[in-house]
A.B. asks: 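Got a structure for you, questions after.
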Amino acid sequence: MTNKFIPYGKQHIDDDDIEAVVEVLKSDYLTTGPKIKEFEEKFADYVDAKYAVAVSNGTAALHAACFAAEIEEGDEVITTPLTFAASANCILYQSGTPVFADVDPKTYNIDPKEIEKKITDKTKAIIPVHFTGQPCDMDKIHKIAKKHDLMVIEDAAHALGATYKGQKIGRLSDMSIFSFHPVKHITTGEGGMVTTNSEELYRRLLQFRTHGIIKDEDYYENKSHGDWYHEQQFLGYNYRMTDIQAALGISQLKKSDKFLERRREIAQIYNEKLKDVEWLRLPYQKNNRESSWHLYVVQIDENKLGKSRKGVFDYLREQNLGVQVHYIPVYYHPYYQKLGYQKGICPVAEGIYEKITSIPIYPKMKDKDIKSVVYRLNYIND
Ligand SMILES: *Cc1c(COP(=O)(O)O)cnc(C)c1O
């Protein structure tokens, strides 16, 4: 067995990606040029949404979505604790209050029954996260949202190309957000996208991305002074993506289906070759949805193996396998503890956290690397 380091995820960049970037570098526009619009249109097409707004990263996409949803002080927003901190931080950026609802013990996705328990008069929105790329129970979530008049913002950072009842993730809710960090499905170095079918939300997102400034006579609050005129109508940010990144995004998006196919192939191999490892619990997949397999998360039965999760993790790292744990429950972080969140809010998620480890999965992964992961897990006690 070779001992080259195999990370849990990484980008796949080809020569044509590099050429696309170089072409922009030689052009007139490095930012806010034609590539942004092209990337947004192609991305919206890809996920079957009406509109897409490119931003500087996935976290900015979440922030923009929370702004567009008019989250403000006193508002509660329900999300999962089993996610990257950004899914909850974006609520705090808007001075809202994150409320954590527990997850389903099988899929690790937010449990609609738990969402209902957390709804109060102050609840304004739900941010479901498609953990590892397996879509959440969207019909149930939409039903709850409709009943209580809530916005739904899908954190689809793991779910580019995933489908729910035959429909692409990115078109189902008020807004969906994506990330183009190098470990995600396609990359722009740093980058993010918000998709929506609402023209009103689309306009707010665009304006938020550039300081709250608008240059469109039809929407001015005051009278135009002349051709130079524009208005800042609220406090936005500079969350723009560069054309350099957008060109990379366009080039990567062309390969998205190919990347997805390879991720699914690797997941199939793991499903097959690890199914007899009795101390491992493999990812549970629900019917009517297709995961995009951002992560492959296994649960370790410490009793059956006679080794702790940490023991397994450390051993695999020693073998140069870049395992990782996704995620530490958000409210375990000292910052959230200082805000007053107590351990014990979401016992299912906390229990899952104790047992899980993500094993490598990414399109560029070689067959021999997959074999090496499979081998280590099958012969861990030898
Ligand atoms: C990656 C990720 C984000 C944030 O994306 P960035 O582009 O890194 O800001 C948000 N939510 C989830 C679930 C993620 O995995």
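This is a predicted model, so every value here is computed, not measured. Indexing begins at 1, ligand by ligand and atom by atom, following the structure's order.
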A.B. asks: Side chains of Thr210 and Arg240 only: does a donor on one sit below 3.5 Å from an acceptor on the other?
C.D. replies: yes
A.B. asks: Just to be sure I read this right, does ligand 1 sit under 4.0 Å from the backbone of Thr83, its side chain, both, or neither, counting only heavy atoms?
C.D. replies: side chain
A.B. asks: Under the side chain to side chain donor-acceptor pair (under 3.5 Å) test against Gln94, which residue among His63, Lys124, Glu72 passes?
C.D. replies: His63
A.B. asks: Consider every N or O of Val129 and every N or O of ligand 1, then say whether any pair is closer than 3.5 Å.
C.D. replies: no
A.B. asks: Tell me whether the guanidinium CZ or amine NZ of Arg203 lies under 6.0 angstrom from the six-membered ring centre of Phe208 and within 45° of its axis.
C.D. replies: no
A.B. asks: Going by the atom numbers of ligand 1, which of them fall below 4.0 Å from some non-hydrogen atom of Gly58?
C.D. replies: 5 (O), 6 (P), 7 (O), 9 (O)
A.B. asks: Under 3.5 Å between some N or O of ligand 1 and some N or O of Ser179?
C.D. replies: yes
A.B. asks: Check whether any N or O atom of Asp155, backbone or side chain, sits under 3.5 Å from an N or O atom of ligand 1, and answer yes or no.
C.D. replies: yes
A.B. asks: Pick, from Lys184, His181, His158, the option with the minimum heavy-atom distance to atom 3 (C) of ligand 1.
C.D. replies: Lys184
A.B. asks: In the protein, which heavy atom is nearest to atom 4 (C) of ligand 1, and how far is it?
C.D. replies: Thr59 OG1, 3.6 Å
A.B. asks: Under a heavy-atom criterion of less than 4.0 Å, does Ser87 contact ligand 1?
C.D. replies: yes
A.B. asks: Determine whether Glu38 and Lys42 satisfy the following criterion, salt bridge (charged side-chain N to carboxylate O under 4.0 Å, His left out), listing intermediate values before the conclusion.
C.D. replies: CA-CA 6 Å; Glu38 186 185 338; Lys42 288 188 166 154; 2.7 Å; yes
A.B. asks: Report yes if some heavy atom in the side chain of Tyr51 is under 4.5 Å from a heavy atom in the side chain of Leu206; otherwise report no.
C.D. replies: no
A.B. asks: So Ser256 and Tyr46, side-chain hydrogen bond (donor to acceptor under 3.5 Å, both in side chains) or not? Walk me through it.
C.D. replies: CA-CA 9 Å; Ser256 185; Tyr46 185 75; 3.1 Å; yes
A.B. asks: Could you walk me through whether Asp111 and Lys118 pass the salt bridge (charged side-chain N to carboxylate O under 4.0 Å, His left out) test, one step at a time?
C.D. replies: CA-CA 11 Å; Asp111 182 342; Lys118 298 286 167 111; over 6 Å; no
A.B. asks: Does ligand 1 have an atom under 4.0 Å from some heavy atom of Tyr327?
C.D. replies: yes
